2 protein chains.
Amino acid sequence: MGETAARSLRADAERSVRAILEAAERVLAQEPGASMEQIAAAAGVARTTIHRRFANRQALIDALASSAARQLAQAIDDGRPDTAPPLVAMHRITANVLQVKSAWAFALGLPADPGSEAAALHQDIARSCTAVLKRAQDAGLIDQAADLDWVRRVYYALIGETLHGNAGGADPDTLAARIIDTLLHGAGPRA
Amino acid sequence: MGETAARSLRADAERSVRAILEAAERVLAQEPGASMEQIAAAAGVARTTIHRRFANRQALIDALASSAARQLAQAIDDGRPDTAPPLVAMHRITANVLQVKSAWAFALGLPADPGSEAAALHQDIARSCTAVLKRAQDAGLIDQAADLDWVRRVYYALIGETLHGNAGGADPDTLAARIIDTLLHGAGPRA
DNA sequence: ATTATCTGCATCAGCTATGTTGCATTTAGA
DNA sequence: TCTAAATGCAACATAGCTGATGCAGATAAT
């Protein structure tokens, strides 16, 4: 069960942990090699406080990755991937994911080492994603001969590219619409 | 004129520089924070030799980025983006780029700071790329209403995703064909 | 109100990477 | 062959990060 051994921290301590994780995301996104000192400063906390909650740098990174992965999994579940009509689910999920990924870009870009909670979550997520695509394929939205694994990877890539260019300002629904349109139809001329 | 002030190094020195750059790519691709010592070892060279040719770590990274960007630009030019028929140019360019990017993944993924040679080259590349897409659009391969900047970014993303999953084994032409097909038609059912 | 927890601050030891220098040796080039 | 360039090696100084500790003051929880 990893590092989630937190046995009922005091309320202020829990606030500190959250502040540290959010600061770590902010700081490391700009400079992946940033020091604990910089993270502490951004969190409004002394460096020693970080060391009290996280044994070492790696433990902090792991916790960050887990936390972000949990939020991502939640964002997907909120889109009802198993029950909503495929197109609706895809749109909702995409919009949700865009928001979570834009807030936790660094943490979610981390290479999750096998066995970690984050890795397990990312596998679950990939499964959910493939399931939705399968439903879309059965509904005739995706070509029967298409390689769903490639389609899923293209979908991931479109999300990633959307986040790159966008400074976080544009409407998630508009962006999601473009992603799905591109995924299904590409850039070629419409019939 | 940046760091290319190299005034006729001796032949063996030039070999060393190349070995260092190639080793840096190899090592840093696996561990972006790797030490100069590790790079030197991988290059079969003493650490001090690296410091003789590159003032500091940043200078080495900059040189690496420039070198890789030059090769990428060359790979695109080799595809005759201005003269070959659009589809042919796109295919050739894609196959060439796949090979160069797979060999210099780290260097080309580096955030080129404005003003650097690498940044200028990447702008040239983006221009060439957009030009080819424009020709494809005029030829009716791409929808008239399409946003070419988005199309170009999607194209980049497809290349990036292709390189991720592929361990460098598959045939570049096959991969290029899938990229262009996906870019133009997406995953939807064929007419 | 009392207690257990949390935090900031100061401090310390240890480690590692960086960048430089001097010298002896090898190697390319004329 | 002769010279200038290039390299390896050893050593050194510096700087920055990490992780740990002790203590005094602030804060939550009962």
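For clarity, every value in this text was computed on a predicted model and none was experimentally measured. Heavy-atom basis, side chains included; hydrogens, waters and symmetry copies ignored. Chain letters run A, B, ... following the sequence lines, proteins first and then strands; every chain starts at 1.
Residues Tyr155(B) and Thr94(B) meet the side-chain proximity criterion, which asks for heavy atoms closer than 4.5 Å.
Of the possible polar contacts, one joining the Gln137(B) side chain to the Gln144(B) backbone as a donor-acceptor pair under 3.5 Å is found.
Not counting sequence neighbours, the partners of His91(B) by the side chain to side chain donor-acceptor pair (under 3.5 Å) test are Asp173(B).
Taking the charged nitrogens against the carboxylate oxygens, Asp181(B) and Arg190(B) do have a contact shorter than 4.0 Å, which makes a salt bridge. Under the 4.0 Å criterion applied to side-chain N and carboxylate O atoms, Asp149(A) and Arg152(A) are assigned as salt-bridge partners.
To the nearest 0.5 Å, the span separating CD on Glu161(A) from CG on Leu158(B) amounts to 9.5 Å.
dA6(D) atom P lies 12 Å from atom CD1 of Ile20(B), rounded to whole Å. If you take CG of Leu9(B) and C1' of dT7(D), they are 13 Å apart, rounded to a whole angstrom. Note: CG (Asp12(A)) to P (dA4(C)) measures 17 Å, nearest angstrom. Atom pair Ile61(A):CD1 and dC17(D):C1' shows a separation of 14 Å (rounding to whole Å applied). Residue Arg15(B) contributes atom CZ, which lies 16 Å from atom C1' of dG8(D) at whole-angstrom precision.
Dashed line: the shortest gap from a side-chain N or O of Ser16(A) to OP1 or OP2 of dT7(C) is under 4.0 Å.
Near-neighbour residues of DNA chain D inside residues 35-44 of chain A, defined by a heavy atom below 4.0 Å, number-ordered: Ser35(A), Met36(A). Taking a 4.0 Å limit (strictly below) on heavy-atom distances, residues 45-55 of chain A reaches DNA chain C at Val45(A), Ala46(A), Thr48(A), Thr49(A), Arg52(A), Arg53(A).
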Tell me which donor-acceptor pairs under 3.5 Å the side chains of residues 24-34 of chain B have, and how far apart each pair is, sequence neighbours excluded?
from, atom 1, to, atom 2, distance (Å)
Glu25(B), OE1, Ala107(B), N, 3.1
Glu25(B), OE2, Ala105(B), N, 3.2
Glu25(B), OE2, Phe106(B), N, 3.1

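In this structure, the nucleotide among dT7(C), dA6(D), dT7(D) sitting nearest to the side chain of Arg10(B) is dA6(D).
Applying the 3.5 Å distance criterion, the base of dT18(C) shares no donor-acceptor pair with the side chain of Arg57(B).
No donor-acceptor contact under 3.5 angstrom links the side chains of Ser67(A) and Trp104(A), judged on distance only.
When each of Asn56(B) and Ala11(B) is assigned the nucleotide of DNA chain C with its nearest heavy atom, Asn56(B) is the one assigned upstream, toward the 5' end.
A rotation axis mapping the C1' atoms of four pairs onto the next four is fitted at both ends of the helix from dA1(C)-dT30(D) to dA30(C)-dT1(D) over five pairs, and the angle between these axes is 50° to 10 degrees.
Counting only residues at least two apart or on different chains, the side-chain hydrogen bond (donor to acceptor under 3.5 Å, both in side chains) pairs with a member in residues 49-61 of chain B are Gln58(B)-Asp62(B).
Residues Met36(B) and Leu110(B) share a hydrophobic cluster, clusters being chains of Ile/Leu/Val/Met/Phe/Trp/Tyr side chains in contact below 4.5 Å. When hydrophobic clusters are built by joining Ile, Leu, Val, Met, Phe, Trp and Tyr residues whose side-chain heavy atoms come closer than 4.5 Å, directly or via intermediates, Leu64(B) is not grouped with Leu121(B).
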